[in-house]
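Reading through the structure tokens given below for one structure.
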Amino acid sequence: MDWLQALILGIVQGLTEYLPVSSSGHLEIGKALLGPEAEAGGLAFDILVHVATVLSTLVILWKEIEWLVVGIFRPVWNDEKRYALNILISMIPVGIVGLFFKDDVEALFEGNVLTVVGYCLLVTSVLLFLSHFYRPKEKEKISPLHAFIIGIAQAAAVLPGLSRSGSTIATGLLLGNSKEKLAQFSFIMVIPPILGAALIDLKHLFFPSAEYLASHSAETALPMEAVIVGFLAAFISGCLACKWMIAFVKKSKLNYFAFYCLLLGMQVLCYVYNG
């Protein structure tokens, strides 16, 4: 992977992590368009750009995260502790997937992954359309039950092409939660799982098992310029997308992204079956 490919893929990851269009799906499409060299970085590059986008979340939502952390350590039961509890509850489904179905999920990224991406983009489109047309009475706070259901949507979004932010925000809207609170909750709830997964993957990189070496033998070391450019591209574009997406969800509809995912999903499937 050269620095230009890293730049393109970093921007793709940073922008699409927060837009409801699937960052994993767009990364796979980008790698396919850029050729085999773009896939050579493998797991190491994916970790790099995901950590960069998590750091962009910390920067953009620093005040909200500071409010949460400070409130947790106050010796009273407060809104901050309720919020933190909801975050923990939302992590249960993705934790179950990570512990018991990690190999099955990784298998989806092997072979003709674009087929999965195409169909999952269509599912993302349906979810976004539903959240646009069906809007129950709005609730003031996200309940623990709703946090768990939104967490199930996040766990399902490990599928390439199924947007994490799109799935969680659309699910929350269908449950009747406030748009203003959903985007913030959706972006904060992803921080612990991504950092946890990154730490596990870093362990594989620095202390690889025989099975890991066998399954990742085709990966090559990333050049330093690709590391730096890819990280900065994902971080800067992630900051822009995170800030813009929160404002967009509060003021606008998600049906624009539904049309985009519908058209892109159909185009990907046409490419797969006719290419």
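Between Val117 and Glu28, the shortest heavy-atom distance links the atoms CG2-CB, 4.3 Å. The shortest heavy-atom contact between Val12 and Leu27 is CG1-N, 4.2 Å. For Ala6 against Ala226, the heavy-atom pair with the smallest separation is CB-O, 3.4 Å. Considering all non-hydrogen atoms of both residues, Pro160 and Cys120 come closest at O-CB, 3.4 Å. Scanning all heavy atoms of the two residues, the minimum distance from Ile150 to Gly172 falls at CD1-CA, 3.9 Å. Scanning all heavy atoms of the two residues, the minimum distance from Thr124 to Ser163 falls at OG1-N, 3.1 Å.
Looking only at distances, no side-chain donor or acceptor of His146 sits under 3.5 Å from a matching main-chain atom of Asn177. Although no hydrogens or angles enter the test, the distance criterion places no donor-acceptor pair under 3.5 Å between the side chain of Ser23 and the main chain of Thr16. Ser90 places no side-chain N or O within 3.5 Å of a backbone atom of Gly151 that could act as its donor or acceptor partner. Judged by distance alone, with hydrogens and angles left aside, the side-chain atoms of Thr53 form no donor-acceptor pair with the main-chain N or O of Glu17 at under 3.5 Å. When atom types are taken as modelled, the side chain of Arg164 and the backbone of Ser186 share a donor-acceptor pair closer than 3.5 angstrom. Between the side chain of Asn78 and the main chain of Gly71, a donor-acceptor pair closer than 3.5 Å is present.
For Trp62, the CH2 atom is loosely surrounded, since the number of other residues' heavy atoms within 6.0 Å does not exceed 12. Within a 6.0 Å radius of NZ in Lys81, more than 12 heavy atoms belonging to other residues, nucleotides or ligands are found. Sparse packing is recorded around CD of Gln267, with 12 or fewer heavy atoms of other residues, nucleotides or ligands lying under 6.0 Å away.
Leu85 CG to Trp77 CH2: the interatomic distance, rounded to the nearest 0.5 Å, is 5.0 Å. For the atom pair Ile96 CD1 and Ile152 CD1, the distance stands at 8.5 Å (nearest 0.5 Å). Atom CD1 of residue Ile29 and atom CG of residue Leu9 lie 11.5 Å apart, to the nearest 0.5 angstrom. From Glu80, atom CD reaches atom CD1 of Ile72 across 8.5 Å, with rounding to the nearest 0.5 Å. Taken from OG1 in Thr171 to CG in Leu130, the straight-line distance is 10.0 Å, to the nearest 0.5 Å. We find the CG-CD distance between Leu48 and Gln13 to be 10.0 Å, quoted to the nearest 0.5 Å.
Residues Leu263 and Val123 do not share a hydrophobic cluster, clusters being chains of Ile/Leu/Val/Met/Phe/Trp/Tyr side chains in contact below 4.5 Å. Tracing side-chain contacts under 4.5 Å through hydrophobic residues (I, L, V, M, F, W, Y), one reaches Trp244 starting from Val190; they form part of the same cluster. There is no path of hydrophobic side-chain contacts, each under 4.5 Å, that joins Val76 to Tyr83. Ile188 and Phe73 fall within a single hydrophobic cluster, where Ile, Leu, Val, Met, Phe, Trp and Tyr are joined by side-chain heavy atoms under 4.5 Å apart, directly or via other members. The hydrophobic cluster containing Val97 also contains Leu99, counting ILVMFWY residues as joined when their side-chain heavy atoms lie under 4.5 angstrom apart, directly or transitively.
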task = Show your working on side chain to side chain contact (heavy atoms under 4.5 Å, CB included) between Leu61 and Ile191 and close with a plain yes or no.
result = CA-CA 11 Å; Leu61 298 178; Ile191 294 174; 6.0 Å; no
request  = Please report the C-alpha distance between Ile65 and Leu58 in whole Å, then the side-chain angles of each, then the deciding distance to 0.1 Å, and finally whether the side chain to side chain contact (heavy atoms under 4.5 Å, CB included) criterion is met.
outcome  = CA-CA 7 Å; Ile65 294 169; Leu58 294 175; 3.5 Å; yes
message = Run the side chain to side chain contact (heavy atoms under 4.5 Å, CB included) test on Asn86 and Phe148 for me, step by step, so that the C-alpha distance in whole Å, both residues' side-chain angles and the decisive distance to 0.1 Å come before the verdict.
response = CA-CA 8 Å; Asn86 282 343; Phe148 183 75; over 6 Å; no
request  = Please test Ile169 against Leu128 for side chain to side chain contact (heavy atoms under 4.5 Å, CB included), starting from the C-alpha separation and ending with a verdict.
outcome  = CA-CA 9 Å; Ile169 292 173; Leu128 295 175; over 6 Å; no
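The closest side-chain heavy-atom distance from Val126 to Leu262 is not below 4.5 Å. Within the 4.5 Å cutoff, no side-chain heavy atoms of Met266 are placed close to those of Leu121. Inter-residue side-chain proximity for Phe185 and Thr168 is flagged as unmet; no heavy-atom pair is nearer than 4.5 Å.
Taking the ring centroids of His26 and Tyr260, they lie under the 6.0 Å cut-off.
Residues passing the side-chain contact (heavy atoms from CB on, under 4.5 Å) test with Leu232 are Ile228, sequence neighbours excluded.
Using cut-offs of 30° and 60° on the angle between ring planes, the pair Tyr273 and Tyr119 is perpendicular.
Put simply, the residue from Cys261, Ser125, Ser165 that forms a side chain to side chain contact (heavy atoms under 4.5 Å, CB included) with Pro20 is Ser165.
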